[in-house]
Amino acid sequence: MTRTAQAVLAEAVRELAPDTGANRLVPRIAAGQAPVETLAAFAMEQHHVIPSDRRSFLHLTERCAADPAAATFFTSLAHGENIALDRLGALADALGLDDESVDGYQPKPGCQAYPAYAAWLALNAEPVDVVIALTANFAAWGGYCRTMGRALRERYGFGDEACGFFDFFAEPASQLEQQALAAVQAGLDAGRVTPLAHRYGRLLQAYELMFWNTLAEQGNER
């Protein structure tokens with residue numbers, strides 16, 4: 001039976017979903033039990049993650065010169081990183097972070113493994129496989145951001161502007177979903193989708209959890 005892009009992406013989201021309870025930090029934030037210092041570390045780590053991911057997506061765009069559907073997907077992701085970085089500023093302000101504290105922060109290896117691997121994928125992986133892996137990861141990331149946005153309002157007293165970073169990723173992204181479907185369908189039609197897509201997705205999910213759990217360990221040290 002010929003596979004469809006919708007089936008391929010649905011399978012990836014389902015099979016690569018992280019185990020319940022694997023993320024040790026988000027439930028603590030949801031309960032209002034994580035220290036504000038951990039939230040500040042999250043924001044400062046993201047100041048390193050976002051520019052790196054943006055460059056990775058732009059490089060993937062360049063690699064897709066002959067594949068306009070995939071190029072459109074990665075271009076949208078790069079644009080989204082610009083929006084995310086802008087909204088991150090309001091979160092940093094709400095946390096009392098100034099430029100000096102952000103610039104002086106030393107990122108943790110466990111938090112930067114994800115963007116390092118994303119950069120590896122940008123250099124080495126078949127782009128359509130990256131579309132599949134990222135789509136699975138974004139499903140988990142979006143859920144974490146929905147929980148974070150709600151918790152920061154209800155448990156930590158943050159306003160809408162400070163939560164804008166999380167709202168951006170939590171909102172339904174129907175246009176991006178359609179772009180992912182188009183990219184994967186083009187990849188299927190050209191025979192470029194490979195079994196490695198799930199390997200890439202599994203590792204992305206693992207590095208995603210490493211990001212959160214590294215911050216959770218920091219919070220436990222207090």
Side-chain angles (χ1 to χ4, degrees), residues 1-20 22-23 49-85 112-146 167-212:
M1 181 184 299
T2 301
R3 292 193 298 169
T4 66
Q6 187 172 18
V8 168
L9 290 175
E11 179 185 52
V13 170
R14 181 178 63 255
E15 293 190 358
L16 298 173
D19 292 337
T20 302
N23 186 320
V49 173
I50 293 171
S52 177
D53 284 352
R54 179 180 179 275
R55 286 190 290 271
S56 295
F57 298 147
L58 289 175
H59 184 72
L60 282 159
T61 300
E62 293 175 1
R63 289 183 58 202
C64 294
D67 185 356
T72 297
F73 175 81
F74 291 119
T75 298
S76 292
L77 291 185
H79 177 66
E81 296 299 323
N82 290 334
I83 297 172
L85 189 61
Q112 297 304 311
Y114 180 101
Y117 186 61
W120 185 94
L121 291 176
L123 290 171
N124 295 285
E126 168 62 51
V128 69
D129 288 341
V130 182
V131 174
I132 296 168
L134 287 172
T135 298
N137 177 241
F138 290 163
W141 167 252
Y144 297 147
C145 286
R146 278 189 293 276
D167 293 344
F168 173 66
F169 289 109
E171 294 168 353
S174 57
Q175 182 179 20
L176 187 64
E177 291 171 3
Q178 291 303 312
Q179 291 170 352
L181 285 168
V184 173
Q185 191 59 58
L188 287 170
D189 293 344
R192 292 196 303 271
V193 175
T194 81
L196 290 175
H198 279 221
R199 177 188 295 179
Y200 300 151
R202 179 180 58 80
L203 287 170
L204 275 178
Q205 297 286 51
Y207 291 132
E208 168 86 28
L209 289 171
M210 188 182 294
F211 173 92
W212 294 100

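Computation of the quantities below employed the complete heavy-atom set of this structure, encompassing side-chain atoms and omitting hydrogens, waters and symmetry-equivalent molecules.
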> Has Asn124 got more than 12 heavy atoms of other residues, nucleotides or ligands less than 6.0 Å from its CG?
Replying inline: yes
>> How close do Gly187 and Val128 get, counting heavy atoms only, and between which atoms?
In response: CA-CG2, 4.0 Å
> Just by distance, with hydrogens left out, do Glu126 and Thr194 show a side-chain donor and acceptor under 3.5 Å apart?
Replying inline: no
> At their closest point, which heavy atom of Arg63 faces which heavy atom of Ala122, and how far apart are they?
Replying inline: NH1-O, 2.8 Å
>> Any carboxylate oxygen within less than 4.0 angstrom of a Lys/Arg side-chain nitrogen, looking at Arg192 and Asp129?
In response: no
> Between CZ of Phe211 and CD of Gln112, what distance do you get to the nearest 0.5 Å?
Replying inline: 7.5 Å
> Using 30° and 60° as the class limits, which term best fits the ring planes of Trp212 and Trp141: parallel, tilted or perpendicular?
Replying inline: tilted
> How far apart are the C-alpha atoms of Phe74 and Val131, what are their side-chain angles, what is the distance that settles it, and do they pass the side chain to side chain contact (heavy atoms under 4.5 Å, CB included) test?
Replying inline: CA-CA 8 Å; Phe74 291 119; Val131 174; 3.6 Å; yes
>> Exactly one of Leu176, Leu60, Leu58 should register a side chain to side chain contact (heavy atoms under 4.5 Å, CB included) with Leu77. Which one does?
In response: Leu176
> For the atom pair CD1 (Ile132) and CG (Asn137), what is the distance rounded to the nearest 0.5 Å?
Replying inline: 14.0 Å
> Between the side chains of Tyr114 and Asp53, is a donor N or O closer than 3.5 angstrom to an acceptor N or O?
Replying inline: no
> For Gln6, does the CD atom have more than 12 heavy-atom neighbours from other residues, nucleotides or ligands under 6.0 Å away?
Replying inline: no
